[in-house]
Amino acid sequence: MAEEETKKVETETPSEPPPPPPASEPAEAPQDVSEEKSVIPPPPPTEEKPAESTELAAVEKAAESTEEKSKEGSVNRDAVLARVETEKRISLIKAWEESEKSKAENKAHKKLSSIEAWENSKKAALEAELKKIEEKLEKKKAEYVEKMKNKVALIHKEAEEKKAVVEAKRGEDLLKAEELAAKYRATGTTPKKIFGFF
């Protein structure tokens, strides 16, 4: 009968729903809820008849064990809160680390982009300068080619003039030779030099 009354006392305790766990707690909230159930204090013992003193002693033992469980529950709760705080700190550190890595990546990407842009602009400037130099060299080459063509034309002209002089002298020499030959024929004399190689 004493056991039945202790069961009745335990069942008659108001079962208040536990307070909702904080939003930042991880998935281990169900364990915390069971611990909080044990923290609920039993109702104050009601005065009963002296005949039921054994029942009263059982209820007191149950109350003492509930107090011990509540102390354990608060220790466990402190451990859970400490663990939650540690996880929160670790997640903040991880977020900070990701942020810093992202900043470093962005900074490096920005610098690499600026270096690439600088390289491209310098290359473009050098290519433009090279093109200008090539155009200048092409212009000078064209001028030199023109000068050389003019010199070749001048040399050809002088050669033609010299050829004309030689041709004219040959014509005169032939004419002179014909005249002398006619004179020798007319006079019947022989020339002093017949051939130039004697």
Side-chain angles (χ1 to χ4, degrees), residues 6-7 9-45 59-159:
T6 54
K7 287 181 182 179
V9 170
E10 287 178 4
T11 56
E12 288 177 3
T13 56
S15 58
E16 298 175 15
S24 65
E25 283 189 12
E28 296 181 11
Q31 181 185 6
D32 191 31
V33 171
S34 65
E35 290 172 0
E36 287 184 12
K37 284 183 181 177
S38 65
V39 175
I40 300 171
V59 171
E60 286 178 3
K61 283 183 181 179
E64 287 176 6
S65 65
T66 310
E67 287 177 10
E68 289 176 8
K69 286 183 181 178
S70 68
K71 286 180 184 177
E72 289 176 7
S74 66
V75 170
N76 288 340
R77 185 176 186 199
D78 290 343
V80 168
L81 288 174
R83 190 174 66 233
V84 167
E85 188 65 32
T86 304
E87 289 176 0
K88 183 178 178 183
R89 190 177 337 106
I90 289 172
S91 67
L92 286 174
I93 291 170
K94 189 174 182 180
W96 176 84
E97 181 185 11
E98 292 296 323
S99 172
E100 290 299 312
K101 284 181 179 179
S102 176
K103 283 180 187 176
E105 286 290 327
N106 290 340
K107 189 175 183 180
H109 181 70
K110 188 176 181 182
K111 284 188 176 184
L112 289 174
S113 295
S114 67
I115 289 169
E116 210 172 292
W118 173 81
E119 180 186 12
N120 290 340
S121 67
K122 290 294 182 181
K123 279 183 180 178
L126 287 175
E127 286 175 3
E129 188 176 342
L130 179 65
K131 197 169 186 180
K132 191 184 273 188
I133 290 170
E134 284 176 351
E135 288 174 358
K136 193 183 278 187
L137 288 174
E138 286 293 325
K139 190 175 181 182
K140 281 188 177 182
K141 181 181 175 184
E143 288 174 2
Y144 281 125
V145 167
E146 188 68 29
K147 282 182 183 179
M148 293 300 130
K149 283 182 179 178
N150 289 342
K151 283 184 179 180
V152 167
L154 187 63
I155 289 169
H156 183 69
K157 183 180 176 185
E158 287 179 14

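For clarity, every value in this text was computed on a predicted model and none was experimentally measured.
Under the side-chain contact (heavy atoms from CB on, under 4.5 Å) criterion, Ser113 pairs with His109, not counting sequence neighbours. Partners of Glu100 by salt bridge (Lys or Arg N to Asp or Glu O under 4.0 Å), not counting sequence neighbours, listed by chain and number: Lys103. Looking at residues two or more places apart in sequence or on another chain, you find no salt bridge (Lys or Arg N to Asp or Glu O under 4.0 Å) involving Glu98. In terms of the salt bridge (Lys or Arg N to Asp or Glu O under 4.0 Å) criterion, residue partners of Glu97 (sequence neighbours excluded) are, by chain and number, Lys101.
Among pairs with a residue in residues 113-122, those fulfilling salt bridge (Lys or Arg N to Asp or Glu O under 4.0 Å) read Glu119-Lys123, at least two apart in sequence or across chains. For residues 144-153, no residue pair satisfies the salt bridge (Lys or Arg N to Asp or Glu O under 4.0 Å) rule, not counting sequence neighbours.
Under a cut-off of 6.0 angstrom, the local environment of CD in Glu105 is sparse, with at most 12 non-hydrogen atoms contributed by other residues, nucleotides or ligands.
To the nearest 0.5 Å, atoms NZ (Lys157) and CG (Asn150) are separated by 11.5 Å. For the atom pair Ile93 CD1 and Lys88 NZ, the distance stands at 12.5 Å (nearest 0.5 Å).
Residues Thr86 and Arg83 form no side-chain contact, since every pair of their non-hydrogen atoms from C-beta on lies 4.5 Å or further apart. With a 4.5 Å cut-off on side-chain heavy atoms, Asn106 and Lys110 do not count as touching.
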Which atom pairs, donor and acceptor, lie under 3.5 Å between side-chain atoms of residues 135-144 and protein residues at least two apart or in another chain?
none

